[in-house]
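Report on the structure given below.
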Amino acid sequence: MHELPVTESILEIAIRHAEAAGATKVSDIHLVIGQLSSIVDDSVQFYWDIVSDGTIAKGAKLHFRRLPARMYCRDCEQEYSPVEGSLFCPDCGGANVKILSGDEFRVEAIEIDTEGAPENARG
Amino acid sequence: MKSRVSVEEQILSANDRIASENRALLDGHAVLGLNLMASPGAGKTSLIEHTIRGLSGKANLAVIDGDIATSIDADRAAKAGALAFQINTGGECHLDAVMLQGALSKMDISSVQLLIVENVGNLICPASFQLGTHRSVLIASVPEGDDKPYKYPGMYRGVDALVINKVDLLPHVEFDMDYFQKGVEILNSGLVTFQVSCRSGEGLDDWLAWVLNEIEAHQQA
């Protein structure tokens with residue numbers, strides 16, 4: 001279970017970028033997580049509510065965009081997305097494959113409020 | 001005013017930065033760093049003891065042991081003849097680059113050629129945290145079962161060598177080596193693999209030769 005340090009890292013990144021942009025509040029955080037990255041969404045959200053308390057990112061909503069893994073079968077010479085539970089080639093069932101992507105694990109963007117503008121200027 | 005700020009930053013970038021500093025420190029002393037990972041009881045400390053003794057007179061070793069509690073492993077490494085340091089993570093299930101940096105700051109590695117970092121016994125979390133070591137080695141052990149590559153793909157993908165320990169138990173337990181190795185092949189094609197028994201000593205010569213070769217290559221790099 002490494003969701004706590006992961007959550008702390010997300011908070012540090014979000015606050016650093018928010019302050020650089022002059023934010024008074026962080027409302028949303030967009031994360032991109034590949035299928036092969038092990039992270040439990042609910043657990044991160046649970047820790048988030050604790051670690052973000054007292055910061056400008058308190059109460060921010062976390063959005064998890066999950067990207068499917070991409071694989072390549074050398075025998076069939078074609079790409080595929082593995083189905084849940086098996087990385088084998090869905091066509092030949094073989095193991096002569098390689099993983100092309102699926103490790104994504106990044107903060108993509110944050111949504112912030114900045115001071116000085118009227119509420120109705122949101123957009 | 002509400003606005004969207006593009007970030008595009010790796011979540012563990014802070015850890016990765018410290019890992020780079022650790023790497024630079026090791027390189028500055030021409031020390032090869034090896035991150036040894038496995039589930040609890042796979043034989044990490046036993047393999048380390050054999051490695052220390054097997055390389056005696058050929059390389060000076062330092063060992064950093066990560067455990068939730070106790071200094072049992074570091075004591076064993078020290079008894080076998082290595083410079084040993086114990087990190088107690090206090091509950092954390094893996095080592096991270098900051099913990100390793102703290103340990104390195106308390107050690108004199110100037111006469112060391114090989115640093116083995118014995119990670120916390122766990123097949124999940126250690127795979128996500130770079131330490132700054134040069135090579136990652138996984139120990140699988142026969143009694144764990146032949147399905148582990150399928151169940152812990154992240155761990156099997158990220159390593160540079162695999163040691164299959166306790167092969168002396170193969171006649172006594174259900175372990176399909178072909179099925180196991182097929183799972184490894186999917187995740188890490190062509191992975192350097194050693195079949196050993198720390199109990200009988202079988203296969204350890206090949207492992208020691210690989211480690212020595214890696215040390216020598218690193219010294220020349």
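In this text, all values refer to a predicted model and were calculated from it rather than measured experimentally.
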Seminar exercise, completed: Only residue of Val26(A), Ile29(A), Ile110(A), Ile112(A) satisfying side chain to side chain contact (heavy atoms under 4.5 Å, CB included) with His17(A) is Ile110(A)
For this session: Let me know if Leu36(A) has heavy atoms under 4.5 Å from chain B in its side chain, its backbone, both or neither.
Result: side chain
Exercise. If only atom types and distance count, is the side chain of Asp96(B) paired as donor or acceptor with the main-chain N or O of Met99(B) below 3.5 Å?
Worked result: yes
Exercise. Under 6.0 Å between the ring centres of Tyr150(B) and Tyr156(B)?
Worked result: no
Problem set entry | Working for side-chain hydrogen bond (donor to acceptor under 3.5 Å, both in side chains), residues Ser141(B) and Asn165(B) | CA-CA 5 Å; Ser141(B) 66; Asn165(B) 188 24; over 6 Å; no
For this session: Answer yes or no on whether Lys182(B) is positioned over the face of Phe88(A), meaning its NZ or CZ is under 6.0 Å from the six-membered ring centre and within 45° of the axis.
Result: yes
Seminar exercise, completed: So, the part of Ile39(A) with a heavy atom under 4.5 Å from chain B: the answer is neither
Seminar exercise, completed: In terms of heavy-atom pairs under 4.5 Å with chain A, the winner among Ala14(B), Ser128(B), Ala127(B) is Ser128(B)
Exercise. Any side-chain donor-acceptor pair under 3.5 Å between Asp113(A) and Thr24(A)?
Worked result: no
For this session: Can you tell which part of Ser6(B) gets under 4.5 Å to a heavy atom of chain A, answering side chain, backbone, both or neither?
Result: both
Exercise. Does the side chain of Asn119(B) pick up a donor-acceptor pair with the side chain of His94(B) at under 3.5 Å?
Worked result: no
For this session: Tell me yes or no: between the side chains of Asp67(B) and Asn88(B), is some donor less than 3.5 Å from an acceptor?
Result: no
Problem set entry | Members of residues 96-108 of chain A whose heavy atoms come closer than 4.5 Å to chain B | Val97(A), Ile99(A), Asp103(A), Phe105(A), Arg106(A), Val107(A), Glu108(A)
